[in-house]
Structure formats: C-alpha cells, structure tokens
Amino acid sequence: VNRYGFQIEDTGHMYMIRTPLYIQIQWLHSSGLMILEASKASKAQGRGLCGICDGDAANDLTLKDGSVVGRAEDPAPFLDSWQVPSSLTSEGQTRFRPDSCATADCSPCLRMVSNRTFSACHRFVPPESFCELWIRDTKYVQQPCVALTVYVAMCHKFHVCIEWRRSDYCPFLCSSDSTYQACVAACEPPKSCQDGMLGPLDPEQCQVLGEGCVCSEGTILHRRHSALCIPEDKCACTDSMGVPRALGETWNSSLSGCCQHRCQAPDTIVPVDLECPRPRPESCPRFGEEALLLPTEDPCCLGTVCVCNQTLCEGLAPTCRPGYRLVTHFQEDSCCPSYSCECDPNLCEAELVPNCRQDQTLISGRLVDSCCTSYFCACGDCPDPIPECQEGEALTVHRNTTELCCPLYECVCESFRCPQVQCGMGTALVEVWSPDRCCPYKSCECDCDTIPVPRCHLWEKSQLDEEFMHSEENVCGCAKYECVKAPVCLSRELGVMQPGQTVVELSADGVCHTSRCTDLIDPLTSFYQINTTSVLCDVHCEANQEYEHPRDLAACCGSCRNVSCLFTFPNGTTSLFLPGASWIADCTRHHCGSTPLGAVLVRSPISCPPLNETECAKVGGSVVPSLEGCCRTCKEDGRSCKKVTIRMTIRKNDCRSNTPVNLVSCDGRCPSASIYNHNINTYARFCKCCREVGLQRRSVQLFCAANATWVPYTVQEPTDCACQWS
C-alpha cells in the first residue's frame with residue numbers, strides 16, 4: 001500500500017513501513033514490537049510517535065510544542081499530543097507505572113529474565129535494563145508471558161534465537177493446519193497464493209527474526225494477512241465467502257443449490273446457467289392478478305399461473321345502513337369487485353311510535369341518507385341556562401329531574417378532579433384550603449429529604465449524581481445520589497470479586513478451577529474480566545498415604561502424605577507400621593519415624609555386642625541366639641543384673657522416715673572380657689556394669705523431731721537395670 005508518501009507492506013510476519021523521511025519501521029505481528037531505523041542517506045531526524053532519530057533517547061518523548069516528557073513520567077500527554085484531529089480516541093486504562101527498580105521490587109522480573117534459557121541474549125539485552133522497562137508497564141508486571149514475549153522480540157533484533165515456549169507455559173496458539181516455530185525470518189514473506197505481489201526485501205535493511213505459525217508441508221498461505229493454509233492448487237479462485245477454489249471446481253452459491261459458480265480460469269469465476277424448459281411470464285393481463293411461481297418437475301425451474309390476489313384490490317365491501325342493500329359489480333379488465341349501497345325501503349323495519357311526555361313533541365321524518373322513517377320525541381328550549389362550575393366541580397342533574405327536558409343542574413365538588421401539581425426533585429407539595437373553593441391552592445417548596453436514597457447492589461457503589469447537581473431541575477441545591485457500577489468482577493457462580501482476588505474451586509470430578517479477577521474491562525458487561533484456568537488434580541495415593549489438601553487457599557491440588565510405613569518382608573508379605581514402631585527383618589533394624597513431611601522408614605544394620613563364651617561359661621550362662629537369630633548372647637542364671645528392693649530408713653539432718661522405706665537398686669552379674677585387637681596390637685578390655693537405665697523421682701515424708709513437723713523429701717531410684725558398658 002502506498003499513500004501520502006508512506007509505503008506499507010505485510011510480509012506475513014510483520015508490517016514493513018517506510019516513511020517519506022526514509023525512516024523504516026518494522027512492526028512484528030507476534031509481539032507488537034516496533035524496530036525503528038533511519039536511513040543513513042537521509043539527514044532528516046523525524047518527529048512524532050517514533051521519536052527523534054538522532055541517537056539521543058532522552059528527547060524521544062517530545063511534544064508538538066517542543067517540551068519533553070521525562071522517562072519517569074506518564075507518556076499519556078505525549079500520545080495525546082500527536083493524536084490526529086477528528087480521529088479515533090484511545091480508550092482503556094493507562095499502563096504506565098511511576099516506578100523504577102530503585103523504588104520498587106524488580107526481583108520477579110530479574111528471576112524471570114535471568115533464567116538460563118535466555119542467557120544467550122543477556123549481553124545484547126541486559127536483564128537490568130529490560131526490568132527498568134518492565135516495572136513501568138502494568139501489563140508487563142501482571143502478565144509475565146507478555147513481558148517475556150517482548151524480551152525475546154528484543155533479542156530477535158540481534159539474531160538471538162530462543163526457544164522458550166511450552167504447551168503448558170505461554171503457548172503460542174496455531175491452527176490445526178500450521179505449526180509453531182520459535183524463530184522465523186520475519187523479512188522473508190512466507191509462500192502464499194499472492195506470491196509476486198510483494199518482492200523480496202533488501203537483506204541489508206531487514207534482517208530481524210520473529211516467531212509465528214508456518215504452514216504444514218504441502219500447504220501455503222491463502223492470504224498473507226490470514227492464517228488459512230491450503231493446498232497450492234486451491235489458489236486459482238476465491239469465492240464471495242472467501243473460500244479458496246481449485247481450477248474447474250463448481251460449487252453451490254445458494255442454499256437451494258440452484259445457483260452455481262465455476263472457477264473457469266485463475267481469478268475468473270463464471271456463473272453456471274441452469275436451462276429451464278420454457279420462459280416464465282413477467283406479468284398477468286388482469287388487474288388484481290399476480291403470477292404465482294409453482295414448482296415443476298425440475299426443482300430449480302418454476303412455472304407460473306395467474307391467480308387473483310384480492311389483497312391488491314383497492315376498495316373493501318362497505319357496510320350498508322339500514323334500508324340499503326349491497327350490490328357487487330365486476331369488470332372484464334380486473335378481477336377486483338366494486339361495491340355500492342342501493343336504497344331498498346322493503347328492508348326497513350317497522351318503526352314504533354313513541355309515547356311522548358307532556359313536555360315533549362313527537363317528530364317523524366327520514367334521517368340523512370336513510371330510506372326509513374323514524375319517530376322521536378324532541379324537547380324545546382329551556383328557560384334557565386346551565387351553570388358554569390369551578391375547577392374541581394362536576395355538573396350533575398338532580399335525581400328527580402333527569403327525565404325532564406329541562407332538568408335541574410347543580411355543581412358538586414369532587415376533589416379527584418382537582419388539577420395535580422407535580423413537584424420536582426427536592427421539593428414537596430404544600431396545599432392551602434379555602435372555604436370558597438373546591439380545590440386547594442397548591443405550591444412546591446424545597447424539601448431535600450424527599451429525595452430517595454438508592455439502595456445499591458453489591459456490584460454497585462453510590463456517588464453524587466453530577467448531572468442532577470448541575471441541572472436546572474435542582475432548584476433547591478439538593479444532593480442526589482445514584483448507583484453506578486463498581487470496579488469489580490461479577491459472576492453468577494462466584495458473586496462479586498475485587499480486582500486481584502483469586503477463588504479456587506475443586507469440583508467432584510477432580511478438576512480444580514482457579515478464577516482471578518483482572519483489571520481489564522469486559523466491553524459486554526462493563527465489569528472487570530474474570531480469567532479462569534482449570535487443572536486436573538489426578539493424584540493417586542499409596543496404601544500408607546493419605547491425600548492432604550493444600551494449605552495455601554490459592555493453590556489447586558494437594559499431595560500424598562505418608563501416615564505409616566509400608567514394608568515388604570522377605571517372604572513377600574506386606575505390612576503397615578505406624579510412626580514409632582520398630583522391627584527387625586533380614587538382620588536389619590527398621591524404624592518408622594515421624595517427620596514434618598510424614599512417616600519415613602529408617603534402616604540401620606544390627607551390631608552384635610562382643611561375646612566371650614569362656615566368661616559366659618564361668619558365670620554359669622549359656623550361649624543362645626538373640627535379636628531374631630542375627631546375634632548370639634550369653635544367657636545367665638538368675639543372678640543376672642536386675643532391679644532389687646532394699647528396705648532402709650532415710651535420714652536427713654534431724655529428720656528421718658517414720659518406718660523403713662522400700663527403695664529400688666541394681667544388683668547382679670555382668671560380663672567382662674579381654675580380646676586381642678590386631679589394629680592396636682594389644683588387648684582390648686570390655687567390662688559391663690550392672691547400673692540404672694533411667695531414673696525417676698520419688699517423694700518420701702520425713703518427721704523432724706526438733707519442731708515436730710513432717711517435710712517432703714525427694715529421692716531418685718532407677719526405672720530399670722541392665723548391663724551397660726562402663
């Protein structure tokens with residue numbers, strides 16, 4: 001397209017725009033990014049939305065009056081300054097955020113862009129410089145996929161190809177007959193039916209990469225500006241509905257199938273004539289008749305027959321008055337009848353002669369345009385005039401004089417006939433009664449309390465009605481409120497949601513629906529839009545696990561948490577053990593421990609204590625298997641280490657127990673040995689002592705003779721005894 005010195009070309013992946021000042025603009029379809037380049041041969045720097053191409057980024061936001069908008073300021077005045085008069089105005093909320101990485105948190109952007117997927121581009125587009133743009137754009141902050149699309153598009157300018165999209169992360173949607181490619185040569189037009197209309201671009205002026213959808217093998221684009229991929233033989237013609245057609249193809253262009261067209265040659269479509277057996281007449285000879293199309297043996301050919309359509313006739317049959325009869329007439333050149341009413345005295349009914357009162361006179365005669373004689377009683381002139389009633393009064397006749405020719409009239413006050421005064425908003429009606437009048441004097445006085453206060457819905461907010469406040473109707477200067485739509489999201493299922501609010505719902509079929517209230521206006525409802533995503537929570541837990549719902553209310557799916565330990569014994573049997581249980585299997589000690597993350601199975605090898613069979617025999621013991629046959633130990637006689645009870649009297653200063661107290665002590669035999677150890681080239685001595693395993697406190701009452709009082713005294717005694725290494 002060439003107009004006003006601008007040259008605009010669509011390569012299929014971007015718009016290539018060349019201005020009269022030799023400034024080249026590459027506008028990518030996928031990301032919306034614009035790349036501006038000034039020709040070296042041109043000395044013009046240009047002005048407007050594209051900035052001033054002089055290498056200085058500080059003066060790019062220059063207004064028409066020459067003032068410059070700072071980089072930290074809202075660019076809206078700059079956009080409005082270069083708006084073409086009488087053109088469409090921009091709508092929507094501003095995306096500008098008056099922030100920078102020095103005053104706001106840019107860590108989400110840095111974590112996102114610093115990913116190693118984008119490392120090849122970091123030296124061309126540093127994450128720090130991009131995040132300074134990111135923090136000032138609301139859309140970039142709220143939509144990470146949009147921000148990454150712009151970052152990758154900036155990398156494409158430096159010929160850095162990055163494959164970063166996935167089917168579950170920022171997917172690029174393509175039609176079924178095309179596939180997505182992360183890097184395509186945006187300056188090379190894809191093959192289409194319009195090849196030859198756009199020549200190849202100069203590789204020195206256009207070398208940028210892009211991303212987009214490319215046609216599958218064996219197909220090409222129907223049009224560069226559309227995403228329809230078709231076989232190449234379908235490029236011959238395009239019908240009125242935009243459907244591509246092959247050479248020689250015939251198709252129905254109507255629902256009945258009687259209107260057909262054929263692609264005769266490239267870009268040449270001709271109608272296919274259907275031959276009907278005879279021509280159809282165009283009109284009927286008589287007035288009021290019309291040609292009625294009737295189907296013939298061929299469904300696409302119609303025959304005609306002339307029938308009388310009396311709805312086309314101009315006159316209707318009149319209703320004749322009494323004494324007249326209806327006469328119908330027909331003419332040869334019309335199928336429409338004409339009517340007339342003719343007088344027929346034989347049709348008159350016998351008229352009864354009324355008996356008139358004394359104040360009436362009998363009159364007979366024919367009424368206007370009537371054939372029949374009528375009789376009626378007439379009254380003469382009355383001497384008294386009819387009175388004129390005041391406002392609100394009704395003229396009535398005295399009951400006893402209603403049948404007379406000259407009845408008696410009187411005026412009766414009926415308040416509902418009084419004129420109604422409609423007071424404006426903020427005023428109240430005031431009535432003043434007078435005994436000489438039927439209707440009161442009415443006036444409107446200021447009363448702002450009469451203005452109703454609206455009851456707003458949950459999705460509305462109350463605000464002053466500015467139109468009423470400044471209108472001529474508000475003569476009393478009253479305040480009036482109205483309900484307007486609040487900046488919220490509205491859903492039949494979720495109710496009212498605030499912007500940024502997220503609601504998570506888990507359905508019975510295991511699908512988790514996450515609904516988030518955005519700050520984008522829905523043009524149909526004027527409320528904010530609700531973005532809903534669905535995730536299938538397909539979680540199957542083992543026998544020793546139970547499903548645990550997510551603790552975070554904004555999370556969808558939970559996870560399986562171990563509540564017991566699942567163990568399979570060497571014989572193939574499987575058992576569940578609760579946390580705290582311990583067992584031995586295959587000469588290995590197993591313990592089901594409890595952790596904040598759930599039950600965990602801990603395995604540890606069994607270490608057998610040293611056994612001196614000679615010493616065992618000396619103490620009168622016998623060697624027996626222990627720990628389920630994994631070790632051998634010395635089983636001693638009854639004099640082994642154990643708890644024994646000793647009765648003794650406890651004394652403390654001048655206080656003592658009243659009677660001997662049974663205290664637990666440890667007593668019995670324990671093994672000892674001396675074994676040669678080749679690592680240290682000497683004998684290692686092992687000796688176990690009979691000692692307590694644990695201690696517990698016990699309170700004993702002592703009697704003090706000095707002051708004759710009882711005092712508590714605490715002693716410690718073993719909870720159990722065992723042979724332990726000294």
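Reckoned from all heavy atoms, side chains included, excluding hydrogens, waters and symmetry mates.
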Quick one: list whatever passes side-chain hydrogen bond (donor to acceptor under 3.5 Å, both in side chains) with Arg357, sequence neighbours left out.
-> Asp359
More than 12 heavy atoms from other groups under 6.0 Å of NZ on Lys461 | no
Would one find more than 12 heavy atoms of other residues, nucleotides or ligands at under 6.0 Å from atom CD of Gln331?
-> no
Rounded to the nearest 0.5 Å, how far does [atom2] of [Y] lie from [atom1] of [X]?
{"X": "Leu247", "Y": "Arg245", "atom1": "CG", "atom2": "CZ", "result": "13.5 Å"}
{"X": "Trp433", "Y": "Cys438", "atom1": "CH2", "atom2": "SG", "result": "7.5 Å"}
{"X": "Thr514", "Y": "Arg516", "atom1": "OG1", "atom2": "CZ", "result": "11.5 Å"}
{"X": "Cys456", "Y": "Trp459", "atom1": "SG", "atom2": "CH2", "result": "10.5 Å"}
{"X": "Glu391", "Y": "Cys439", "atom1": "CD", "atom2": "SG", "result": "5.0 Å"}
{"X": "Tyr528", "Y": "Cys517", "atom1": "OH", "atom2": "SG", "result": "8.0 Å"}

What pair of heavy atoms forms the shortest contact from [X] to [Y], and how long is it?
{"X": "Val488", "Y": "Met497", "answer": "CB-O, 3.3 Å"}
{"X": "Cys213", "Y": "Phe172", "answer": "SG-CE2, 3.6 Å"}
{"X": "Cys263", "Y": "Trp251", "answer": "N-CZ3, 3.5 Å"}
{"X": "Arg455", "Y": "Cys483", "answer": "C-SG, 4.0 Å"}
{"X": "Asp239", "Y": "Ile269", "answer": "CA-CD1, 4.0 Å"}
{"X": "Pro407", "Y": "Thr401", "answer": "CB-O, 2.9 Å"}

Check against side chain to side chain contact (heavy atoms under 4.5 Å, CB included), Leu228 and Leu221 = CA-CA 6 Å; Leu228 178 63; Leu221 282 177; over 6 Å; no
Check whether the side chains of [X] and [Y] place a donor and an acceptor atom closer than 3.5 Å, and report yes or no.
{"X": "His261", "Y": "Ser240", "answer": "no"}
{"X": "Gln260", "Y": "Asn252", "answer": "yes"}
{"X": "His513", "Y": "Thr532", "answer": "no"}
{"X": "Ser340", "Y": "His329", "answer": "yes"}
{"X": "Gln142", "Y": "Asp519", "answer": "yes"}

Would you call Lys234-Glu249 a salt bridge at under 4.0 Å N-O?
-> yes
Output a table of donor-acceptor pairs, distance under 3.5 Å, between side-chain atoms of residues 466-473 and any protein atom two or more places apart or on a different chain; print 'none' if there are none.
unit_1	atom_1	unit_2	atom_2	d
His470	ND1	Glu466	O	2.8
Ser471	OG	Phe468	O	2.8

Using a 3.5 Å distance criterion without hydrogens, assess whether the side chain of [X] forms a donor-acceptor pair with backbone atoms of [Y].
{"X": "Ser253", "Y": "Cys259", "value": "yes"}
{"X": "Ser178", "Y": "Cys174", "value": "no"}
{"X": "Ser507", "Y": "Val511", "value": "yes"}

Side-chain touch [X]/[Y], heavy atoms, less than 4.5 angstrom:
{"X": "Val272", "Y": "Thr250", "value": "yes"}
{"X": "Asn531", "Y": "Ser515", "value": "no"}
{"X": "Tyr339", "Y": "Leu326", "value": "yes"}
{"X": "Lys485", "Y": "Phe527", "value": "yes"}
{"X": "Cys193", "Y": "Ile230", "value": "yes"}
{"X": "Ser334", "Y": "Arg286", "value": "no"}
{"X": "Thr518", "Y": "Ile530", "value": "no"}
{"X": "Leu490", "Y": "Val496", "value": "yes"}

Using only the SG atoms, establish whether [X] and [Y] come within less than 2.5 Å of one another.
{"X": "Cys382", "Y": "Cys405", "answer": "no"}
{"X": "Cys537", "Y": "Cys512", "answer": "no"}
{"X": "Cys446", "Y": "Cys478", "answer": "no"}

Quick one: side-chain hydrogen bond (donor to acceptor under 3.5 Å, both in side chains) pairs with a partner in residues 434-454, sequence neighbours left out?
-> none
Would Val535 and Cys557 count as a side chain to side chain contact (heavy atoms under 4.5 Å, CB included) if you check the C-alpha gap in whole Å, the side-chain angles of each, and the deciding distance to 0.1 Å?
-> CA-CA 8 Å; Val535 178; Cys557 302; 4.2 Å; yes
List the steps, then state whether side chain to side chain contact (heavy atoms under 4.5 Å, CB included) holds for Gln463 with Tyr481.
-> CA-CA 5 Å; Gln463 72 175 22; Tyr481 293 87; 5.8 Å; no
Run the numbers on Cys306 and Leu292 for side chain to side chain contact (heavy atoms under 4.5 Å, CB included), then give the verdict.
-> CA-CA 6 Å; Cys306 292; Leu292 181 65; over 6 Å; no
